[in-house]
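Following: one structure in structure tokens, then a few remarks.
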Amino acid sequence: MAASHDAKPRFDATQKVFRLDAGKVTYAMGVNADGMLQNIYWGARLEDADPLVALPAPERSSFDPKGALSLQEYAGWGGSLTATPALKLRFDDGNRDLVLRYDSYRIDGGDLAILLRDAQAGVKVTLHYSADASTGIVGRSAHIENGSGQPITIDSAAAATWSLPPANDYSLRYLTGTWAGEWHLQTRPVAPGATVLESRRGSTGDENNPWFAIGRGSDWNEDHGDVWFGALAWSGSWQLRVDEDILGQVRVTGGFNPFDFGYRLKPGESLDTPVFYAGYTGDGVGEASRLMHRFERTRVLPEGPTPKIRPVLYNSWEATEFKVDEVGQERLAVKAAALGVERFVVDDGWFGARDSDHAGLGDWVVNRRKFPNGLKPLIDRVHGLGMSFGLWVEPEMVNPDSDLYRAHPDWVLNFTGRDRSLGRNQMVLNLAREDVKAHVFEVLDRLLAENDIQFLKWDYNRNWSEPGWPQMAPDEQQKVYVAYTRNLYDILRRLREKHPGVEIESCSGGGARVDLGIMALTDEVWPSDNTDPSDRLSIQDGFSYAYAPATMMAWVTGSPNWVNGRSSSLDFRFLSSMQGGLGIGANLLEWTASDEEAARRYIAEYKTIRATVQQGELYRLLSPQGRAPWSATESVSADRAQAVLFAFQRQGEEARAFPTLRLRGLDPKARYRMRFIHGKAAPGTPDTASGAYWMQRGIDIAIKGDLQAAGVVFDRVR
Ligand code: DGJ
């Protein structure tokens, strides 16, 4: 990340206080008389001269002695500590005591590095801090170094502990999910005790996502209230713990999942944690999301600060599944191009003996029965039709029925002599192995060198099981939890460097690998295999709490939907998908002429609003969570020249009208003309009015019936 986008950290040597002032936020730490690095403030921006001092560690009783519960930035487990440590380790000689105290600091551009050490034990921890000048989002990570004369084993290593101001009225929002049902938004009070969000799956997972938002008071909502929020940039097993202690102190500790962790460091060796990003706003969780979105677009995505607009894509999966061949794909490509599609993606089934999910994974050679002359004729045809070409891969997996597995049965995660569990008839290649990593890189590098490909859909369709690494000494095997993910990142980074024209989507049987780590190396993500447009409203809404619409792909597929059997109109399907990066995944050979005509019109409309939808500011106006009957979102372009409103009624009831929608984020003095992409306004609605009118009076939309939708564009009138 470019340091120039980070605020310059400051150090007050008299008070021993560090300050990060960025955006509307101040984050401050101080060194107390005992040498502990304490959090002393995190919230709305303070004046430069405001007094901030570290306080003595509290001592309540013999059960809560000094240091047991103090708000340390990064506590080692040792001394009297009873709070959740950021770092816990053991030395080969049996010592497990680690007391980290402030040593020194360095400021290098926007990077603040604070060295903590246990001088006696010989362990050094360098905490890195940076603060994004625009959003105030702080990034934290730790570099842990074994400066002792003996090996150590790290039992748990967090990227950061975030301390909130002591209060007893916090509540936590977080995301849970499962295959085809990702991104459910949950809320629970933060009470004494712990809430653990985690993945033990080897990858990010969809059971929980590594994102949190904690609001204060009983009435924090979209537009109002203090909210602290954050996301961990890690695509392996992870954990976020929200602890409230007996003093009402609330901390969020996150990093590598301590479960089954055990990272050996020989003398002189070190371990870097992932980066944990977190921010604060006084303007509600809607603003927290917008800050995250802006941060992701400008600081996380590989093409930032101005990531490319997502092209309208076609994907063959729901149309043909494994039955892909040159003739069939070409017929779909011709249809897609005629609709205005800009990218054609061939999904699973093009390689090896891949006629079902039982065979072929790992054999990344073109299936000559399906593509007799290789991929080139189809790629040329797709290019000739004016579209870019994309291809599905799942490089980290292998079917037992594959040439790769027959040649290298030792390449998968496994414990010697134990069963190897299958998931979707496949196993996980151990990417932590350098030979496996080299192989995966070479295969993909060759695929991209030999074929004129612009896009890879990178899939990952199961969890880890039996995560052994038998080629390593027993006490080194658990390094797999770190090395696998780092090698995955390295492959992605090198592929991007060598093939700069290629974009990549992160898919994991839907949205099971979406996090800021993978996002830094991919251009878009697939939130869910569930493409039902009504279910998608909740899925996309939940997604938007943490992640930017600029990354969120959404396809229009067939009706009835394959996941839940629900039928819906093409209008509803298009409008639901136009809330993100628009794709088409239906069998176009089954579409009627009027379907095609409607699709052509929606795609053309989408191209006029997609910059606003993908890269504008998102306002969630009506929440679809909890199977609510209504949903509405508004996106406003950065220059406030355009706003796009989507409104959905899942179910009409009695004679109830759709709620008046009051817009947000417009220029109150400017005039905006509205036009409907689909649907209509209630009688008496003006075509043109001021931003103030649309934001205060709002707009009434005439919607009646089930699964109805409207799309409205507001353009500023010069
Ligand atoms: C799971 C993905 O989420 C789907 O979109 C599709 O690519 C299949 N895998 C292919 O096996």
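Whatever order the structure lists ligands and atoms in, that order sets their numbers, starting from 1. As the structure is a prediction and not an experimental result, all values here were calculated from the model. The chain is numbered in sequence order, starting from 1.
- For CZ of Arg418, the number of neighbouring non-hydrogen atoms (other residues, nucleotides, ligands) closer than 6.0 Å is 12 at most.
- A cation-pi contact links Arg494 to Phe441, judged by a cut-off of 6.0 Å to the six-membered ring centre and 45° from its axis.
- Geometrically, ligand 1 and Trp317 share no nitrogen or oxygen pair separated by less than 3.5 Å.
- For ligand 1, the atoms lying closer than 4.0 Å to a non-hydrogen atom of Trp526 are 3 (O), 5 (O).
- Heavy-atom separations between Glu505 and ligand 1 are all 4.0 Å or longer.
- In summary, the side chains of Glu198 and Asn208 do not present any donor paired with an acceptor at a separation below 3.5 Å, with no hydrogens or angles considered.
- The shortest contact between atom 5 (O) of ligand 1 and any protein heavy atom is with Lys457 NZ, 2.7 Å.
- Residues Gln649 and Trp630 have side chains that bring a donor and an acceptor to within less than 3.5 angstrom of each other.
- Counting heavy atoms closer than 4.0 Å to ligand 1, residue Arg424 contributes side-chain atoms (C-beta onward) but none from N, CA, C or O.
- With a 6.0 Å cutoff to the six-membered ring centre and a 45° limit on the axis angle, Arg200 does not count as a cation-pi contact of Tyr481.
- For atom 3 (O) of ligand 1, the nearest non-hydrogen atom of the protein is Asp529 OD1, 2.3 Å.
- Cation-pi geometry between Arg536 and Trp526 is met: the NZ or CZ atom falls under 6.0 Å from the ring centre, inside 45° of the normal.
- Close N/O approach between Cys507 and ligand 1 is not found [any backbone or side-chain N/O within under 3.5 Å].
- Protein heavy atom nearest atom 9 (N) of ligand 1, with residue, atom name and distance: Asp459 OD2, 2.7 Å.
- In summary, the atoms of ligand 1 found under 4.0 Å from a heavy atom of Gly510, numbered by their order in the structure, are 3 (O).
- Looking only at protein heavy atoms, the nearest one to atom 7 (O) of ligand 1 is Asp347 OD1, 2.7 Å.
- Screening Arg462, Glu394, Glu396 for a side-chain hydrogen bond (donor to acceptor under 3.5 Å, both in side chains) with Gln426, the sole residue that qualifies is Glu394.
- The neighbour count for Glu597 CD, taken as heavy atoms of other residues, nucleotides or ligands under 6.0 Å away, does not exceed 12.
- Nearest protein neighbour of atom 11 (O) of ligand 1, counting heavy atoms only, is Asp348 OD2, 2.6 Å.
- Between Ser388 and the choices Gln454, Glu503, Arg343, the side-chain hydrogen bond (donor to acceptor under 3.5 Å, both in side chains) rule is met once, by Arg343.
- Remark: ligand 1 and Trp555 share no N or O pair separated by less than 3.5 Å (distance only, no angle test).
- Within the 4.0 Å heavy-atom criterion, the part of Asn461 lying near ligand 1 is the side chain and not the backbone.
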